[in-house]
There are 2 protein chains.
Amino acid sequence: MNLTFRQLKVFEVVARRLNYTSAAKELHLSQPAVSMQIKQLEEQANTPLIEKLGKKLYLTEVGNEMYNYARSTMQQLLDLEETISQMKSLHKGHLKLAVASTANHFVIRMLARFARVYPKISISLDVTNRSTLLELLEKNECDLVVMGRPPEGHNLTARPFLENPLVVVAHPEHYLVREKKVSLKELAREEFVIREQGSGTRGAVERFFKEHNLKFRTKMDMSNNRAIKHAAEEGLGLAIVSLHTLEIELRAKTLNIINVEGFPIYRHWYVVQREGKRLSPIAKVFKDYIMQEAEGLIKDFNLPIGL
Amino acid sequence: MNLTFRQLKVFEVVARRLNYTSAAKELHLSQPAVSMQIKQLEEQANTPLIEKLGKKLYLTEVGNEMYNYARSTMQQLLDLEETISQMKSLHKGHLKLAVASTANHFVIRMLARFARVYPKISISLDVTNRSTLLELLEKNECDLVVMGRPPEGHNLTARPFLENPLVVVAHPEHYLVREKKVSLKELAREEFVIREQGSGTRGAVERFFKEHNLKFRTKMDMSNNRAIKHAAEEGLGLAIVSLHTLEIELRAKTLNIINVEGFPIYRHWYVVQREGKRLSPIAKVFKDYIMQEAEGLIKDFNLPIGL
DNA sequence: ATATACCATAAGCAATAGCTTATGGTAACA
DNA sequence: TGTTACCATAAGCTATTGCTTATGGTATAT
């Protein structure tokens, strides 16, 4: 059976009005055009759908079934159109994000504002490490990723949208905290608690030390940012972390920033997507949103760090 | 939006396989044919449905919605086909009947057997009086009617299928019951309990008396057949009823048939439909069924009446 | 670097979908 | 009995559909 939506539409009108001529008017067609559509539909169904007794039209039993089908199908089509149109107009839809652990804090802050503007969209947020992020991009399992500078050669498009200052922190009683200016040489004598090998932060710090021909000594490395800060609080070593993750600790004065020569190391946060990826409407809007708003939002919660 | 079933079908395969070439094979088409259908569907939706990242295909968010829609719609179409095919093959369907009150008894008996043969069909049975039956036919609100001879000039097709003997009954103690043969003259001295004016039975009886130049005196008329018989049982008068309605009373010996000259009056039951009415398959079968089986079925429960 | 697998695009062609106008037939109605 | 309202059918026309084959581009794998 090879129906057309046209046949169903015309049949729906005829079945409703039980009158070809007035159906033709409603459809802005000639009366024979209607007759033909019905005839074709009857040929497809291989059974009469409408019967004429005297002057009046009646639906046959099969015709009645077809009428139900026509209405149901056309309603479904309307629903689909509605859904698509909502998706396009961003009133609905799903946004799949993934962010580096370190970016979690301020991305969530931005998401909260964004979600208030588009209340009907739903969001998946995966907070994970760098290699998993790259994997997600690879498998096209998310729309956008927020992370540090991605490696070359993965067919990724990355746009920096926010500075990511790395600072050195220690617990308040650390002797370097009192120093007005700490040289790199002094710093290099310390031991550090820092993110694991392969993380963006770790890479940047190691490069920084290498550039200055200094040795970087790690006391401990961990994949959990909170744990790193906690270790620093406990005096296990100095920590080098993104300023954006320090809000609470600075407020609570459980950690202090050390004013080191050459610091903060300015890295950047990037919005990353697969090259050639056609973003969903909502993803496109979110990307624009963070590109524009990031600076302002961060300022709102940045604390004076005296640098 | 003006989709075609073809587009949906092709899209369904592509969305399922996420591979144009293999979809083309499944559909026995060339690969460009598939590309074009998808392209057209995307034009209709005015948004991409499938995206290619590297070598792999992915559904966009809207594409996923469309996929759900396509599957649902195609499933509905299958259901419709199934329903129609069942209707055609008589495994399903609805039979709308109406019968004269007097015919109720044996029609139900036939229906019971019929329903056993076609267990999945449903039946509406309207038991009502003659004028309502004609109205139902007029409005095409039933497939078939079983009644006495219908009047001319209603554009009806009527076929007699069963004799309908009208007999005179009285309660067992009535003095005429004992008579071997009662003349019409004797009968005419009696008063009768009978169906209302306009009913088939009443018409036939009045015509019968008129033909024999006798006066027909009614004691009481009622539209309910059971009430008529009950009145006769109570001795209110003689009743003239269809033999087919007497099974229980004869068995129970609460009424006796009086052997009157010229009785039974042989009338007929007719299957009636609107002229030109296209019967549904199941109605057609039922009509054939009662034309063939009526005699045999009636014999099964006819009682000897000693005529 | 080359081969391979896959999709997009273009050109061309036959079938038909989808109308239109004109006309004919029939039931209802006055 | 003619008139009216309605549906069916026929003829004819155009735009579109739905393919095909040929070809080109690109990401991945070797």
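Just so it is clear: chains get the letters A, B, ... in the order the sequence lines come, proteins before strands, and each one is counted from 1. These numbers were taken from a predicted model, which means no experiment stands behind them.
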Flag for A:K56-B:N140: side-chain donor and acceptor within less than 3.5 Å: no
Rounded distance (Å) that lies between atom P of C:dT26 and atom CG of A:L57: 17 Å
Spacing of OH belonging to A:Y270 relative to CZ belonging to A:R149, to within rounding of 0.5 Å: 3.5 Å
Protein-nucleotide distance (B:I50, atom CD1; C:dC6, atom P), rounded to Å: 15 Å
Donor + acceptor pair across side chains of B:S85, B:E81 (<3.5 Å): no
Ring geometry between A:F114 and A:F286 (parallel below 30°, tilted from 30 to 60°, perpendicular above 60°): perpendicular
d(NZ, A:K39; P, C:dG18) in whole Å: 15 Å
Might you list the N or O atoms of the protein lying below 3.5 Å from N or O atoms in nucleotides 18-27 of chain D, with each pair's distance?
from   : atom 1 : to    : atom 2 : distance (Å)
D:dC19 : OP1    : B:R6  : NE     : 2.8
D:dC19 : OP1    : B:R6  : NH2    : 3.0
D:dC19 : OP2    : B:Q37 : NE2    : 3.2
D:dT20 : OP2    : B:S30 : N      : 2.9
D:dT20 : OP2    : B:S30 : OG     : 2.4

Spacing of B:E42 atom CD relative to C:dT9 atom P, expressed in whole Å: 10 Å
Whole-Å gap separating P (C:dC7) and CZ (B:F11): 14 Å
Minimum side-chain heavy-atom gap A:R71-A:L8 below 4.5 Å: no
Below 4.0 Å: OP1/OP2 of C:dC7 and any side-chain N or O of B:N19: yes
C:dA8 OP1/OP2 closer than 4.0 Å to side-chain N/O of B:S35: yes
Sugar-phosphate, base or nothing in reach of A:K56, heavy atoms under 4.0 Å: nothing
Distance in Å, B:E42 CD paired with B:Q7 CD, rounded so as to fall on 0.5 Å steps: 10.5 Å
Contact check, side chains of B:L49 and B:L59, non-hydrogen atoms, under 4.5 Å: no
Distance in angstrom units between A:Y20 OH and C:dT26 C1', rounded: 15 Å
Spacing between B:H154 atom NE2 and C:dA27 atom P, to the nearest angstrom: 17 Å
Length of the line joining B:F5:CZ and C:dA17:P, which is rounded to integer Å: 15 Å
